[in-house]
Amino acid sequence: MTAPFHPDRLQKLADLRELGADPYPARSPEGRELGADLIAAFAQREGQQVTICGRVTGRRGYGKLAFLDVVDESGRIQAVLQKDRLSAEDFALLKALNLGDFVSVTGELATTGKGEISVFGDSDFTILTKALENPPEKWYGLADAEQRARRRYVDLFSNEEVRQDFLRRTRIIQAMRAVFLEHGYHEVETPVLHPIYGGANARPFVTHHNALDMQLYLRIAPELYLKRLLVGGIERVFEFARVFRNEGLSPRHNPEFTMVEFYEAYTDYLGMLELTEQLVVAGARAAGLEAEDGTICAEFRGQSYNLTPPFQRVRYADAFVEHAGCDPTDRAAVWQLLAQTLPEHPQRQADPAQLGDYSYWKTVNDLFEEKVETALPGPVFVYDYPAAICPLAKPSADDPVWAERFEFFLGGMELANAFSELNDPQLQLAKFEEQVADKDDPEAPNEVDLDYVRALAYGMPPAGGCGIGIDRLIMVLLNKDTIRDVLLFPHMRPEAGTEDEPGDAE
RNA sequence: GGGGGCAUAACUCAGUUGGUAGAGUAGCUGGCUUUUAACCAGUAGGUCCCAGGUUCGAGUCCUGGUGCCCUCACCA
């Protein structure tokens, strides 16, 4: 990568210093206001002295007059600099100004001959930061998807819509946080470095602590720590947790992503279902998806999704019967379906009557994902999952084949997963041991988290818990086809020509 | 990891059958006191992703590599 200092701009930088101006002053003028606020309040503010600060993104110059487009976080406002209104020193700075520089302008708020609200600089014009790299093309901006992600800072300042979408993301998360706080939840932080990984099925990133000489894993889920807090008597907890899964990348997968997990004592999965619905609706409202008549609608990948509550609810077994065409407990019928639907499935040749519960129901779930999930555009809550594939969920008291668990589907993606949390320490231990013994599953936990079992042995109150995939939810709410467009800095391989130091053995 | 596509100036993009590397914007110089992608004149700017090969000659054809995109697999 060549040095990103444009020679012409280095000259302008020297010119600025020649004029006695600091190209990187520490302080900006006081009393700075946002352009959008000034435009909104123009009727009351016309003729007043105001100060704006921002990046110069456009310039139309006339020798003794210049129009500047000044962009701040609120948007664009025009500054007008005229030779006969400014001091000679300030006007001379225009010669050293380039697009991309930050400036402040103090002067009269008024309209131009064409009627545009502008700040007519008179008492001050200052270059606040000299840019040494050219901004992108003014009309098309930065268009290359790779460069937009690698240089998000450029993408953000050169494309108003991109910046607005990322600000919407933070508003969505704030709205969800507000829902938790209204319900008496406490926001907590739990470890990212885990000696034993668990709480989900996924391959972890492995790291190493030098001083302790121990292997650690980046968390794949915060679940087991959050539930320890229920044992400790913190009855409502949530964490917006960055988690890490060592798997492939795709338009829906980034190695690190954000989920919110939340746990509440003295409720169950149906309580979590109600809260999840509220959270999704609050996020959708924050994204501006609510119409005047109160209906909420998201457009995603060319499809329209009605997010006006209540969302559809359907039992797992009922959905299976409806979309797969057979009773999921009918092993012979399920295997017939397997032969038709997934002939390459590894359990295809097994005798279903002899199969253990876990292997059988995992196969049922493979069919569910193939036949049922694809038929559920959502928003929909699917509830009462097979207990055998739910190691952390409480089995139903009525029929232990099923567990008190739901998943939430929207836009063809699984966005949330919730249970009545399993708090029987003996049953939990047995399920953990069964998982660890399953050497065929590369994503099974490496060892039993005995400390978690011990925590349960002290007693965890009955509780509901849920995890929501924040990035995917935001994809739907902001109509972004790829997860990269909702992550400020999605994972990228090293840029060509910037990596491999000599001596790196392969 | 498999299959397909793309890579040319700071940015957006052209580049004919294999025959001297192009435009617009941004930049630089000059002009211009009401513009909205301002305008006019002039000017500079390139490891055509990287490494090989074919050829008198490669941005163009071939092989390998790298990055990105799409897709499949795994997963949320």
Side-chain angles (χ1 to χ4, degrees), chain A residues 1-12 15 57-69 76 78-86 91 95 97-100 110-116 118 120 131-151 154-155 158 200-203 220-221 243-261 344 366 369 373 407-410 412-417 441-443 467-473 475 481-484 490 492-500 506:
Chain A
M1 192 165 146
T2 54
F5 305 146
H6 196 288
D8 291 330
R9 287 181 176 242
L10 289 174
Q11 183 57 52
K12 297 286 188 186
D15 294 347
T57 62
R59 176 185 192 174
R60 296 167 292 283
Y62 287 83
K64 297 190 181 67
L65 163 73
F67 299 93
L68 303 182
D69 296 327
R76 186 197 81 104
Q78 180 168 266
V80 183
L81 301 179
Q82 291 165 278
K83 186 166 190 183
D84 55 15
R85 281 219 197 191
L86 274 172
F91 193 78
K95 286 290 284 181
L97 181 74
N98 289 113
L99 294 191
T111 56
T112 62
K114 292 272 198 255
E116 176 162 354
S118 307
F120 287 72
L132 296 184
E133 182 78 299
N134 283 325
E137 215 270 352
K138 64 183 173 189
W139 192 243
Y140 298 99
L142 191 62
D144 179 71
E146 178 180 354
Q147 294 308 327
R148 290 208 307 117
R150 287 192 192 280
R151 285 186 253 170
V154 177
D155 190 30
S158 61
N201 281 330
R203 273 173 253 211
I220 59 173
V243 297
F244 307 84
R245 299 190 182 177
N246 205 339
E247 285 147 6
L249 284 71
S250 88
R252 289 164 281 294
H253 299 84
N254 196 65
E256 54 181 299
F257 63 100
T258 302
M259 51 192 302
V260 62
E261 284 201 4
E344 306 297 322
D366 290 338
E369 288 174 6
E373 283 185 16
E407 292 198 356
F408 174 62
F409 294 91
L410 176 60
M413 299 184 289
E414 179 200 327
L415 291 189
N417 185 15
D441 184 354
E443 287 161 7
I468 301 177
I470 293 294
D471 308 293
R472 289 182 172 181
L473 175 61
M475 284 172 64
D481 287 354
T482 119
I483 198 169
R484 287 182 302 275
M492 289 278 179
R493 286 179 230 228
E495 212 164 351
T498 59
E499 82 280 36
D500 35 83
E506 181 47 39

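The sequence lines fix the lettering, A, B, ..., with proteins before strands; numbering per chain opens at 1.
The line from OH of A/Tyr62 to CZ of A/Phe67 is 6.5 Å long, rounded to the nearest 0.5 Å. Interatomic distance, A/Arg150 CZ to A/Arg493 CZ, rounded to the nearest 0.5 Å: 10.0 Å. Atoms CD1 and CG, on A/Ile468 and A/Leu415 in that order, are 8.5 Å from each other to the nearest 0.5 Å.
Listed nucleotides B/U33, B/U35, B/U12 differ in distance to A/Tyr140; the shortest reach to its side chain belongs to B/U12. The A/Glu137 side chain lies nearest to B/U12 when the options are B/C32, B/U36, B/U12. You'll find that the side chain of A/Glu146 is closest to B/C68, out of B/C68, B/U36, B/C13. For A/Tyr62, the side-chain atoms get nearest to B/C32 when compared with the rest of B/U12, B/C32, B/U36. With distances taken from any side-chain atom of A/Arg150 to the nucleotides B/A26, B/C74, B/G67, the minimum falls on B/G67. For A/Lys138, the listed nucleotide lying nearest its side chain is B/U25; candidates were B/C11, B/U35, B/U25. You'll find that the side chain of A/Asp8 is closest to B/G27, out of B/A73, B/G27, B/U35. Comparing B/G27, B/C28, B/A38 by their closest approach to the side chain of A/Lys12 singles out B/C28. The side chain of A/Arg203 lies closest to B/C74 when the candidates are B/U34, B/U12, B/C74.
Checking the phosphate oxygens (OP1, OP2) of B/C11, a side-chain nitrogen or oxygen of A/Arg151 falls inside 4.0 Å. Proximity of A/Arg60 to the phosphate of B/A38: a side-chain N or O atom is located under 4.0 Å from OP1 or OP2. Between B/C70 and A/Arg484, a contact under 4.0 Å exists linking OP1 or OP2 to a side-chain N or O. Listed pair A/Lys95 / B/G30 meets the phosphate criterion, a side-chain N or O lying under 4.0 Å from OP1 or OP2.
A pairwise comparison of heavy atoms in A/Val80 and A/Ser118 identifies CG2-CB, 3.7 Å as the closest pair. Taking each heavy atom of A/Ala202 and A/Arg245 in turn, the nearest pair found is CB-CD, 3.4 Å. For the residue pair A/Pro135 and A/Leu99, the shortest heavy atom distance occurs at CD-O, 3.5 Å. The two residues A/Asp155 and A/Leu142 make their nearest non-hydrogen contact at N-CD2, 4.2 Å.
Side-chain contact check for A/Gln78 versus A/Thr112: some heavy-atom pair is nearer than 4.5 Å. Taking the side chain as every heavy atom from C-beta outward, A/Arg484 and A/Asn254 never approach each other to under 4.5 Å.
Within the 4.0 angstrom heavy-atom criterion, base atoms lie near A/Asn254. Within 4.0 Å of A/Gln82, counting heavy atoms only, lies at least one base atom of the nucleic acid. Contact annotation for A/Asn98: backbone-only contact, meaning every heavy-atom pair under 4.0 Å involves sugar-phosphate atoms and none involves a base. As judged by a 4.0 angstrom heavy-atom cut-off over every strand, A/Gln78 is placed among the base-contacting residues. Using a 4.0 Å heavy-atom cutoff across all strands shown, A/Pro251 reaches sugar-phosphate atoms only and no base atom. Residue-level contact check: A/Gly469 touches neither bases nor backbone, having no heavy atom under 4.0 Å from any strand. Using a 4.0 Å heavy-atom cutoff across all strands shown, A/Asp144 reaches sugar-phosphate atoms only and no base atom. Across all strands shown, A/Gly58 has no heavy atoms under 4.0 Å from either base or sugar-phosphate atoms.
Contact check on A/Lys64 versus A/Asp84 returns no salt bridge, with no Lys/Arg side-chain nitrogen under 4.0 Å from an Asp/Glu carboxylate oxygen. Remark: A/Arg252 does not engage A/Glu247 in a salt bridge, criterion side-chain N to carboxylate O under 4.0 Å.
Separating the CZ atom of A/Arg76 from the C1' atom of B/A37 is a distance of 12 Å, rounded to the nearest angstrom. Rounded to a whole Å, the NZ atom of A/Lys83 is 10 Å from the P atom of B/C32.
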Using the rule given for side chain to side chain contact (heavy atoms under 4.5 Å, CB included), can you reason through A/Phe120 versus A/Gln82, listing the C-alpha separation, both sets of side-chain angles and the distance that settles it, and then say yes or no?
CA-CA 8 Å; A/Phe120 287 72; A/Gln82 291 165 278; 3.4 Å; yes

Pull out every protein N or O sitting under 3.5 Å from an N or O of nucleotides 43-45 of chain B, one pair per line with the distance.
none

Is there any protein nitrogen or oxygen under 3.5 Å from a nitrogen or oxygen in nucleotides 1-8 of chain B, and what are the pairs?
none

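B/U63 and B/G4: their P atoms are spaced 11 Å apart (whole Å). Distance noted for atom P between B/C70 and B/G46: 33 Å (whole Å). Comparing the P positions of B/C74 and B/G52 gives a spacing of 41 Å, expressed to the nearest Å. For the P atom pair drawn from B/C11 and B/U36, the interatomic distance equals 28 Å after rounding to whole Å. Atom C1' of B/U20 sits at a distance of 15 Å from the matching atom of B/C48, rounded to the whole Å. Separation of the C1' atoms belonging to B/G59 and B/U17 is 15 Å when rounded to the nearest angstrom. When the C1' atom is compared between B/G18 and B/U60, the two are found 7 Å apart, to the nearest whole Å. Rounded to whole Å, the separation between the P atoms of B/U47 and B/U29 comes to 23 Å.
Under 3.5 Å, the side chain of A/Glu116 and the base of B/U34 form no donor-acceptor pair of N or O atoms.
Comparing A/Ala145 and A/Leu97, the nucleotide of RNA chain B nearest to each residue sits closer to the 5' end for A/Leu97. Each of A/Gln147 and A/Pro255 was assigned the nucleotide of RNA chain B with the nearest heavy atom; the assignment lying further toward the 5' end belongs to A/Gln147.
B/G45: no Watson-Crick or G-U partner with both key distances under 3.5 Å is found in any strand. In this structure, B/C74 makes no Watson-Crick or G-U wobble pair, since no nucleotide meets both defining distances under 3.5 angstrom.
A donor-acceptor pair is defined here as one N or O able to donate and one able to accept, closer than 3.5 Å; such a pair exists between the side chain of A/Arg9 and the backbone of A/Ala131.
Stacking between A/Phe67 and the base of B/U35 is present: ring centres sit under 5.5 Å apart and the planes differ by under 30 degrees.
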